[in-house]
Structure formats: structure tokens, C-alpha cells
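Here is the naming used below: chain letters follow the sequence lines, and residue numbers restart at 1 for every chain.
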There are 2 protein chains.
Amino acid sequence: MARQGARAGTGTHTGRVPVTLAQIARQAGVHVSTVSRALSTDEDVRGGVATETATLIRTLAEELGYQRDPAGAALRTGRSRMLGVLVPRLTDIVLATVYEGIDAAAAAAGYHTVVANTSDDPQLQRRRADALLARRVDGLVLGDARSDSDLVAELARQRIPLVLVSRRLPGRVSVTTDDLLGGRLAGEHLLDLGHERVAVVAGEPYASTGAERTQGFLDAFAEAGLPVPESHVVSSPFDVPGGRAAAEHLLSLRPRPTAIFAVNDFAAIGVMAAVRDAGLLVGRDVAVVGYNDVPLAAALPVPLTSVSSPMYRMGELAATTLVNMLNGKPGRSRRLRPTLVARASTLAGGPLDTDGTGGTGGTGGTNGTNG
Amino acid sequence: MARQGARAGTGTHTGRVPVTLAQIARQAGVHVSTVSRALSTDEDVRGGVATETATLIRTLAEELGYQRDPAGAALRTGRSRMLGVLVPRLTDIVLATVYEGIDAAAAAAGYHTVVANTSDDPQLQRRRADALLARRVDGLVLGDARSDSDLVAELARQRIPLVLVSRRLPGRVSVTTDDLLGGRLAGEHLLDLGHERVAVVAGEPYASTGAERTQGFLDAFAEAGLPVPESHVVSSPFDVPGGRAAAEHLLSLRPRPTAIFAVNDFAAIGVMAAVRDAGLLVGRDVAVVGYNDVPLAAALPVPLTSVSSPMYRMGELAATTLVNMLNGKPGRSRRLRPTLVARASTLAGGPLDTDGTGGTGGTGGTNGTNG
DNA sequence: AGCCTCGTCGCAATCGATTGCGAAGGGATG
DNA sequence: CATCCCTTCGCAATCGATTGCGACGAGGCT
């Protein structure tokens, strides 16, 4: 029965007592239900209380430093005002950036978020989703949707409000970049530079991102009358070692491709390493294009040409979309427009870089604010 | 009054009805209080119910797919089983890794975590902390403690259980690496290589990490009879542009330093860029040492010598420490031991690297699991 | 003047879990 | 055989917020 008194925020006054609706009601000389209504954000509800009474209650609440108890509210309403977020890995700066956007937009709408890593592992995805649901989140933002898993379908069948982000899935509400277009931009860029023998590091087949970026790229070359043979398209993990291994294979082909498109910047960094190891020069002997334009891309010794995608904005939109759905509005998928940022990895010897060494770019943030 | 039925997890059976303690009690023919006790994790409490009854109830709960409603439990007990985490930025891979450790350990102890970015901004720190407290988190893990702010003191005065991670503050429970030792390791490494004129990119003065790493480094050189002049120690942001700007200044000094220690890997990457821009070769003309040994350090064109710190483990320990404190045990600070990983950025021309170009290392994960 | 309507607000139930207290029962002991 | 103790479990209060319903009073309308 011993309950420690609720703690007040760092902000305002108040001493020890847990300030509840009843406290305010007593001081205002009204019933708690009136206080509840006066403090509600719902317009219709607050309309039920006289303006004068409402302002009195609100100033009183302010003075006492009242903060609604989420547990009480959640118990009564059945909604927790918490959103669950699933990502492959938070140490991946792409998803970390998306998550920052999600959290910012959610906070602006009065929601908190709880995030969990799934390592792109179907079993972990299920476990983490269940854990989030056990926490009674009001909805889910999934950043790790796999086309070879039925987890999303199951969740949808349970009528759990959810929005996909970064990756798409047919028939689901999602917020992504237009990966087909992004891949096409990469292809057209290389076509403009005169490349005819190109290869693709295509990422994991279960991720729509890799698949669609690859498809868009292939479309561009096919339409130009230079179809890319299947042997020049290899899948790989979305990381440095993955890109490196894939590129080692591609560079062993004869005739050797003059350009490689990697569907992810980290894989592209691995590609660049493999190019160097083969005794070739990135940008002159082999052009490299990445995807996402992470801050590091511009800071590399040979700055990386990359398709820039609005990651933070994607997160924001995903969160607001989900919140709208929770408010009864229908969810609508969005595809954001990517742009290509050309740098030395495709332009060495060209207008932007004449000596092939590159310099370190350096406008990029690549931040490390820790210590 | 219309409450949507609680949703069951993806896992087990159950149909529509929200399965509560009352449900189970009815089916088991006992009172809800008995069910509550039988399902409690607290040994003393569960002892109060007969083993036979307990197992019956537990299997029944399992079959029905019962999941405790966090709101109800939180309302009654006053504890939410949620931990708040504050970090400067989640897009910083160092703190992201620490956070992954925190979350994993918290989950293992039955806690969820809620994380928020503060951008190292004192105002944001306060706002985010208040928001977390309003969510009634049971305790706080702070990864962004500033020596020039009294936020931590205020929180402590309010008797809010908290543990610092990554950065220390005098008199507070913290889990960090031994940054004095880490700085010393960097210094001794350069001394071993015969360097006599060195410089330090010291990070932000308000962060204990930068300050102590710098101090340890300076101690090593002072004890060797080669004190580093104050002009060779400059503070800077913990990011690439910050390190770059600081290094540009340091490289303009005459005589030029032969080695630069940056208290953070990202700053070190900026240093390397400045060295290249000055027409010098990293590792031969100027040695560079970083700190944290992020996966990228090994994957750079010139692999970066860095002081490796157990970031994930630090997070784990911080979380378990906080959970212990919540269980009444006294909190004890921990300082984990860092190790130095020597690579080409200090060894070019030496045993590990003979041509100065480095190759791209490549065992490092530098993962990007997204798409 | 009487009746109806609308604006305000109080009443009380309700959400789900926890826990101090007390009661009932069985077994052990004097 | 009576008493006491211990084990096991039920009772009911409680946490804080929300909300349908009903009551009351003032004002307007006929």
C-alpha cells in the first residue's frame, strides 16, 4: 500500500504531494469530472465546461504543476499514446535518422515512441513486435518489413494500426522514397557519362529498397538499349563487407564493368575498397554510385556519388500518417522523391575532380556528438 | 464507454476477448487476487499460493495468452517498468551502440526503454527529461551529462534514480570507460613510436570524456619529460568538421606536430582529411590516433589507430546498475578498461603497412542493414 | 405564465492489477 | 481433546482518469 509520491517534473513549483485531478478539483471547488473535461485536448469535450471555469481550472493546474498520469488515462481509455517502432538496427545511421524523424513527429502529436532492434531476423521481429504489443502501444511503425515474411499480414489481420517506413509491401500503407526512380537516376547518371558495361550490388532480395532500386537502374539501361546481363547483378548484405565481397566478384568478370551501382552507401564503401584492392582508381577506372547519401559519403577520401533520400522527413511522415490513422483518418502511402548527388566517385577526371585523389569533401556532418 | 478489446500478441491462441486476471480467475474457480499472486514474479508473494493452484493458474494463463496490462499494474504500483534514456544523438553510432546495450539489458530485466535526443543542448535536456518523467519512467540513464549544467543535480535532488553512462560527473553513479587510462594508452603508443611534438584535439570541455582522455594523454607525455604546450591542445566539436578545423590550425604550427590525438573517431577522421588536404600522408608524415574504435575506423582507406572502448557493454552495465538501484541495492560506479588498437594511421612504414596507402581494412562491421 | 431547450456540471461506474487484512481449514502440539 | 499456528485464499479498497447520463437553473419562446 505504500506508494511513493509522484514526482513532479523539473520544471515548475509544487512540493511533495502527487497532484491529481482530485487535488485540483478540491481547490477549484468543482468535481473531478469537470476538471478532466476542462483539461481535455478534445474540443468537443472541453466545450462542455464554461469558459470561466475552464480557465480557472487550467491556471490552477498550471500552478500546481499538474501532469496527467499516463497509467490512469491509459487504463480508462485503452490507449497508451505510445507508438512502437521496429528497425533492423539503430546503429545503422539510415534507420537511426528515420527514427529521429519518427520520434520528433510523434512527440509533436503527443505520442512517445519505443524502438527495438530486430536485426532483420524474422523471429526477432515477431518477438519484438509482441513485446511492443504487450506494452499496449497504439500502433506500429515498421522499418524492417520483409517480402518473405507474413508478420505484417498477421499484424494487419489483428487490426493493429501500422505504417511501413523505408521499405514497402504491396497493399500496406507505407512511406518510402521512390526507389524505382532513385535507381533510374543512378542509371541515367552513368549513361550520361558514357558507361556501357555496368554492374549492380543489389542488396538483400527480401527488402523492397534493394529490389526496386535495382529494377529502376536496370530499366534505365534496358531503355537505352544496353540491357545489363543477369550475371552482373548480385545480391549482398547491406554493409561494407557485403559490398566488398560482391564487388570482388564483379571486378573479376571480363570484360570488367566500368561502373558499379550499390543500392546502399555502406555497400558502396565496400565496393570502393575492393576497387582499390584491385589496384584500380575509384572514379577513373571504376565509377561507383551509392544510395542514401549519408553524411559520410561526402567525407570520404574519394567523395561518393549517391542518391540522396529524405530520411528524416520519411520518419516524420510515417509518424504523422500513423497518428492520423489512429484518429480515424484513412492512411495513404507516400513515395518521396530522391535526387542524385554527383561526386568524385563517378566524376574523377571530370569537372569536379581532376587528379583522382579526391580530397575529403567535408561539408557533410558525419557527426559524433558523444565523447 | 466503448473500449476496443485488448489485442493479443502475435504468438499464442486466444480469440477476441481481452484476457484479464478476472477471466483466468473465473476459469480457475479462484479469486483474482489469487491469480495475481500466482502470476507474480516476486518470490515472497508467489509463496502465498499453493504450488498446485499456482501451476494450474499459470498453465491456464499460458493457454489463454494472458498478458499483464501495464497500465493497470502501473496505476496500482506506481511503477511503470520503463526506463528513460537521454543521449546527445542517436545517429551517433557510439551512443547508438551504448543504447543498444542499455535496451538489451533492460529488456532482460523486464523493463522497456524510451530514448530521446538532446543534441547536447541544456534546454533540450531539461525538456526531454521532463517529458520522460511525465511518462512516469522509473529511472533515468543519462548519456549526455554536462559538467557545466546542474540538471543532474536537480534530478538527484528530486530523488529520481539515475545512472550516468559514457560521461562521468563527480559524486554520481556512472558507467564509463577509464578515459584517463585510454588517453594514456594513446600517449604511450605515440611515445613508443618516438614522437616528441604532438597535439591534441580535445573535444568539448563540458564532456568528461574529452577532458579525461586529454588529461591522460598529457600525463603520459609529461611523465616522459615531453610536456605538451597548451597551444597544442585545442577543443572542438566531436564531429568531422570540428576535427578538421582544429587540425587545420594545428598543422599550421611551426614546428609542425608529428602526431595528433583526437579524443573521438569522427574528429580523427576530420583530422585525417585536413592532413591530406595539407598535402601530407597520414601515418607517415603525421600520425593520427582516434578514440572508440568504431567499426568504420578499420574500414577507412588508411585504417585508423584508435582506443577501443566496450560501448555495448557499458550500456548493459548502466542498465543493470539502474535496475539494481530500483530494487534497493546501492549503485556503484564502474570504469571499464579500454585497449589500444594500432593500425596504419600511426604505423605506416612500420610492420603493419609498408606502402602508406593502407588498403581498406575491412573486418569492421560498419553495418547498414537497411536498404 | 408555462413549457421547452440549452448550457454546465455532478454522480458514479469503470478500466485491470495489487495487497493488507482477515477467515477458514488442516495439522501439530501440549 | 482443546488450542495454536501456519498455509492458503477471499474480500475489498485503491490507484487516477474518463465519460454516459441525469439534474439543475437560466433564458427564450409561445
Take atom [atom1] of [X] and atom [atom2] of [N], then tell me their distance rounded to the nearest Å.
{"X": "B/Ile24", "N": "C/dT18", "atom1": "CD1", "atom2": "C1'", "value": "15 Å"}
{"X": "B/Arg79", "N": "D/dC15", "atom1": "CZ", "atom2": "P", "value": "17 Å"}
{"X": "A/Gln67", "N": "D/dA17", "atom1": "CD", "atom2": "C1'", "value": "15 Å"}
{"X": "A/Leu75", "N": "D/dT18", "atom1": "CG", "atom2": "P", "value": "11 Å"}
{"X": "B/Arg81", "N": "C/dT18", "atom1": "CZ", "atom2": "P", "value": "10 Å"}
{"X": "B/Arg136", "N": "D/dA17", "atom1": "CZ", "atom2": "P", "value": "8 Å"}
{"X": "B/Leu56", "N": "D/dC9", "atom1": "CG", "atom2": "P", "value": "10 Å"}
{"X": "B/Arg37", "N": "C/dC21", "atom1": "CZ", "atom2": "C1'", "value": "10 Å"}

Could you check which of [options] has an atom nearest any side-chain atom of [X]?
{"X": "B/Val32", "options": "C/dT18, D/dC9, D/dA17", "answer": "C/dT18"}
{"X": "A/Ala73", "options": "D/dG10, D/dA17, C/dT19", "answer": "D/dA17"}
{"X": "B/Thr34", "options": "C/dG16, D/dC9, D/dG20", "answer": "D/dC9"}

Would you say [X] reaches [N]'s phosphate, i.e. side-chain N/O to OP1/OP2 under 4.0 Å?
{"X": "B/Thr20", "N": "C/dG16", "result": "no"}
{"X": "B/Arg68", "N": "C/dT18", "result": "yes"}
{"X": "A/Ser36", "N": "D/dA17", "result": "no"}
{"X": "A/Ser33", "N": "C/dC9", "result": "no"}
{"X": "B/Thr53", "N": "D/dT8", "result": "no"}
{"X": "A/His31", "N": "C/dC11", "result": "yes"}

**OP:** For residues B/Arg167 and B/Ser174, determine if any side-chain heavy atom of one lies less than 4.5 Å from a side-chain heavy atom of the other.
**Re:** no
Original post:
Is any side-chain heavy atom of A/Arg26 closer than 4.5 Å to a side-chain heavy atom of A/Val32?
Top reply: no
Original post:
How long is the span from the CD atom in B/Glu100 to the CE atom in B/Met311, to the nearest 0.5 Å?
Top reply: 10.0 Å
Subject >> Within 6.0 Å of CZ in A/Arg172, more than 12 heavy atoms from elsewhere >> reply: yes
Original post:
Where is the tightest heavy-atom contact between A/Ala106 and A/Leu83, given as atom of each residue plus distance?
Top reply: CB-CD2, 4.0 Å
Original post:
What is the nucleic acid contact for B/Val35, judged by heavy atoms within less than 4.0 Å: base, sugar-phosphate only, or nothing?
Top reply: nothing
